[in-house]
Amino acid sequence: IEYGFWLYYGKDLEKAPPYLKIGADQGNLDLIFYYARCQGCIKNYDECYKYYKMGADKGDVDSIFYVGFCYLRGYGVEKNSEKAVQIFKSLCEPKYNHIQAMFYYGVMLSKGDECKKDLKESARLYKISADEGLSAESASNYSIKAYNGEGIDIDFDAAKYYLKMAADLELENAMIRIGRFYLLGILFEQNKKEAAKYFKKAADIGNETASELYGKMCYIGEGIETNKKEAFKYFKIGAEKGNKECMKFYTQMLIDGEEVEIDKKEVSKYYKILADDGDVDYIGKYAVMLSEGDGIDQDKKEAVKYFKLAADKGDEISMYIYAVMLQSGDGVDKNSKEAVKYFKLAANKGVDDACAKLAAALYLGDGVDGNKEEAFRFFKIAADNGHVKSMSVVGSLLKSGDGIQMNKSEAARYFKLAADNGDAASMFEYAEMLHNGDGIQMDRNEAIRYYRMASEHGINEANTTKRDLTNYINVSF
């Protein structure tokens with residue numbers, strides 16, 4: 001029996017029961033209780049209930065409570081909240097003042113579970129349980145009631161006192177709540193250093209939310225010195241426990257190599273978790289890693305799947321990339337018609353490259369009926385938003401009047417815009433218009449300047465013939 005106790009307190013809950021059972025079967029109340037508790041810990045609920053009931057029938061108060069708990073949860077016996085209420089209520093009588101029973105009965109009174117809702121009685125039981133038994137859960141719940149005036153008058157001093165009691169007893173949600181209060185200056189005078197202390201305490205016992213909050217304070221130096229390595233450590237802990245915000249900070253630090261070694265493989269692991277959780281930004285990011293084989297085996301087919309998923313969730317960049325892959329047959333069967341659909345969706349969300357691609361498809365009749373007027377409209381949108389090749393095409397269309405009304409002065413303006421943004425062909429086209437006074441005032445000196453610019457980019461009169469716009473669009477877009 002002593003060996004059984006030694007195993008029990010050493011947390012060897014699988015080896016302890018046979019030794020504890022010897023004393024339990026001899027009627028020793030302590031051993032009945034501890035044997036039942038072991039069985040509960042290893043989820044052998046039938047045996048657990050059987051021995052708690054044995055102890056309860058012999059008058060052991062803690063065993064009576066756990067019989068009620070078994071009824072509440074349906075452990076080893078049919079779930080019966082009404083019986084649980086009766087047991088908990090009986091143990092709240094002054095002759096017992098059973099701390100855990102007060103807490104659970106208080107919770108049931110607060111919710112009206114299988115009993116009449118009574119916020120005042122619930123608050124009274126929480127307070128007794130907190131004051132007499134140092135019950136962290138009761139202290140926390142009483143603090144909330146005092147803060148909100150639930151069943152009792154609002155009492156901020158009591159709310160502070162019992163919240164601090166619960167936090168100092170290391171109740172996780174109380175540590176997080178008091179940390180947030182200190183951070184924001186609610187109830188307590190603002191004290192970010194104290195907030196960080198409580199967040200760290202909760203994080204160190206495994207709370208993922210606290211890992212996130214403390215990690216962020218370390219990262220930006222809020223109330224404490226900036227410590228990126230410490231931030232990384234806690235973001236990693238939170239990420240491993242499934243905290244999505246921690247995953248985002250953790251992966252960003254791994255990508256940037258910020259105080260840590262870059263690890264794209266680790267990044268891809270968490271991007272996939274975030275992507276599969278439906279976070280559209282990370283669906284797209286994971287798709288890019290798959291497409292490029294960046295830190296992960298390249299898999300274009302799988303990348304297409306994730307790009308489409310992100311596109312269908314409204315991510316405009318993924319719409320564009322998915323359309324490009326459809327148009328080229330990269331990792332998916334070529335489908336120009338479907339590509340045009342996604343180029344248009346992305347274009348309507350302001351993606352300039354998509355506007356240009358859609359315009360090219362409309363001009364060439366690739367996956368859509370040819371429509372030069374509509375093509376010009378989308379080329380112009382892209383050009384006006386800074387897309388250099390589209391500026392050049394708009395200049396050519398305005399100069400030739402191809403599908404639209406000719407306007408050489410506007411053509412020159414767009415050629416100049418493209419030229420000044422480094423487009424070599426447009427440098428030569430604009431120089432020609434200046435040299436000949438074609439649609440704009442003749443200016444030979446300015447023409448020479450742009451001829452020289454074009455020559456420096458490998459274009460001059462000797463190697464330049466009239467540009468085939470259809471071929472240019474086909475090759476360039």
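Below, all heavy atoms of this structure are taken into account, side chains as well, without hydrogens, waters or symmetry copies.
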Rounded distance [0.5 Å steps], [atom1] in [X] versus [atom2] in [Y]:
X    : Y    : atom1 : atom2 : result
I283 : L274 : CD1   : CG    : 10.0 Å
C70  : F65  : SG    : CZ    : 10.0 Å
D62  : Q100 : CG    : CD    : 7.0 Å
D294 : K264 : CG    : NZ    : 3.5 Å
M102 : L125 : CE    : CG    : 6.0 Å
E259 : T226 : CD    : OG1   : 10.5 Å

Does one side chain, of [X] or [Y], offer a donor that lies under 3.5 Å from an acceptor on the other?
X    : Y    : answer
Y182 : E189 : no
D384 : Y414 : yes
Y214 : N207 : no

Checking [X] side chain against [Y] main chain: does a donor-acceptor pair fall under 3.5 Å?
X    : Y    : value
S63  : G55  : no
D60  : A56  : no
N148 : E150 : no
D423 : A419 : no

Would you name the heavy atoms of [X] and [Y] that are closest together and state the gap between them?
X    : Y    : result
A210 : A203 : CB-N, 3.4 Å
I224 : A196 : CG2-CB, 3.8 Å
V340 : D366 : CG2-O, 3.4 Å
A361 : V368 : O-CG1, 3.6 Å
A123 : Y142 : O-CD1, 3.3 Å
K313 : V280 : CB-CG2, 3.8 Å

_Could you work out, with salt bridge (charged side-chain N to carboxylate O under 4.0 Å, His left out) as the rule, every residue matching E132, not counting sequence neighbours?_
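Testing E132 for salt bridge (charged side-chain N to carboxylate O under 4.0 Å, His left out), a comparison that skips the adjacent residues, returns none.
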Pairwise side-chain contact, [X] with [Y], heavy-atom cut-off 4.5 Å (strictly under):
X    : Y    : value
L91  : Y105 : no
D312 : Y322 : no
L290 : I296 : yes
L326 : S336 : no

_Residues E121, R124; criterion side chain to side chain contact (heavy atoms under 4.5 Å, CB included); working and verdict_ = CA-CA 5 Å; E121 179 66 2; R124 185 184 76 83; 2.8 Å; yes
*Under the ring pair (Phe, Tyr, Trp, His ring centres under 6.0 Å) test, which residues partner F249, sequence neighbours left out?*
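Checked F249 against ring pair (Phe, Tyr, Trp, His ring centres under 6.0 Å); matches are Y219, F235.
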Enclosure of [X] [atom1] (heavy-atom neighbours >12, cutoff 6.0 Å):
X    : atom1 : value
K216 : NZ    : yes
K300 : NZ    : yes
D256 : CG    : yes
K285 : NZ    : yes
K53  : NZ    : no

*Take C355 and K380 through the side chain to side chain contact (heavy atoms under 4.5 Å, CB included) test and state the conclusion after the steps.*
CA-CA 9 Å; C355 280; K380 187 173 184 303; over 6 Å; no
*Any side-chain hydrogen bond (donor to acceptor under 3.5 Å, both in side chains) pairs touching residues 71-95, not counting sequence neighbours?*
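Residue pairs with at least one partner in residues 71-95: Y49-Y71.
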*Would you list the pairs meeting side-chain hydrogen bond (donor to acceptor under 3.5 Å, both in side chains) in which at least one residue belongs to residues 156-171, sequence neighbours left out?*
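Every pair satisfying side-chain hydrogen bond (donor to acceptor under 3.5 Å, both in side chains) with a residue in residues 156-171: K127-Y162, D131-Y162, K164-D168, D168-Y198.
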_Strictly below 4.0 Å, N to O, side chains only: are K50 and D46 in salt-bridge contact?_
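Salt bridge absent between K50 and D46.
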_Between K416 and D420 (salt bridge meaning N to carboxylate O under 4.0 Å), is one present in this structure?_
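Yes.
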*Identified salt bridge (charged side-chain N to carboxylate O under 4.0 Å, His left out) counterpart of D279 within the set K248, K244, K272*: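 Between D279 and the candidates, salt bridge (charged side-chain N to carboxylate O under 4.0 Å, His left out) is satisfied uniquely by K248.
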Ignoring hydrogens and angles, write down the donor-acceptor pairs under 3.5 Å from the side chains of residues 15-37, residues two or more places apart or on other chains.
unit_1, atom_1, unit_2, atom_2, d
K21, NZ, D25, OD2, 2.6
D25, OD1, Y51, OH, 2.6
N28, OD1, D30, N, 3.0
N28, OD1, L31, N, 3.0
Y34, OH, Y9, OH, 3.3
Y35, OH, E47, OE2, 2.7

*Just say parallel, tilted or perpendicular for the rings of F343 and Y320, cut-offs at 30° and 60°.*
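Rings of F343 and Y320: tilted, as their planes differ by 30° to 60°.
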*Which of parallel (below 30°), tilted (30 to 60°) and perpendicular (above 60°) describes Y104 and F69?*
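The arrangement is perpendicular - the two ring planes meet at more than 60°.
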_Between Y52 and Y66, is the ring centroid distance below 6.0 Å?_
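Yes; Y66 has its ring centre under 6.0 Å from that of Y52.
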*Step by step, work out the side chain to side chain contact (heavy atoms under 4.5 Å, CB included) result for M319 and V351.*
CA-CA 9 Å; M319 292 172 185; V351 180; over 6 Å; no
*Start with the C-alpha gap between E230 and K200, add the side-chain angles, then the distance that decides, and say whether side chain to side chain contact (heavy atoms under 4.5 Å, CB included) holds.*
CA-CA 11 Å; E230 185 82 345; K200 185 178 187 301; 3.8 Å; yes
*For side chain to side chain donor-acceptor pair (under 3.5 Å), just list the numbers for K145 and S110, CA-CA rounded to whole Å, side-chain angles, deciding distance to a tenth of an Å, and then say yes or no.*
CA-CA 10 Å; K145 288 188 176 296; S110 187; 3.2 Å; yes
*Does the pair Y147 and F181 meet the rule for a ring pair (Phe, Tyr, Trp, His ring centres under 6.0 Å), with working shown?*
CA-CA 12 Å; Y147 184 79; F181 281 4; 5.8 Å; yes
*Can you sort out the partners of V107 under side chain to side chain contact (heavy atoms under 4.5 Å, CB included), two or more places apart, ordered by chain and number?*
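V107 satisfies side chain to side chain contact (heavy atoms under 4.5 Å, CB included) with F103, K111, Y126, N141 only.
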*Only one of R180, M175, E212 clears side chain to side chain contact (heavy atoms under 4.5 Å, CB included) with F199; which?*
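Of the listed options, the one satisfying the test is R180.
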*Passes side chain to side chain donor-acceptor pair (under 3.5 Å), D276 versus Y306? Steps please.*
CA-CA 9 Å; D276 291 344; Y306 279 94; 2.8 Å; yes
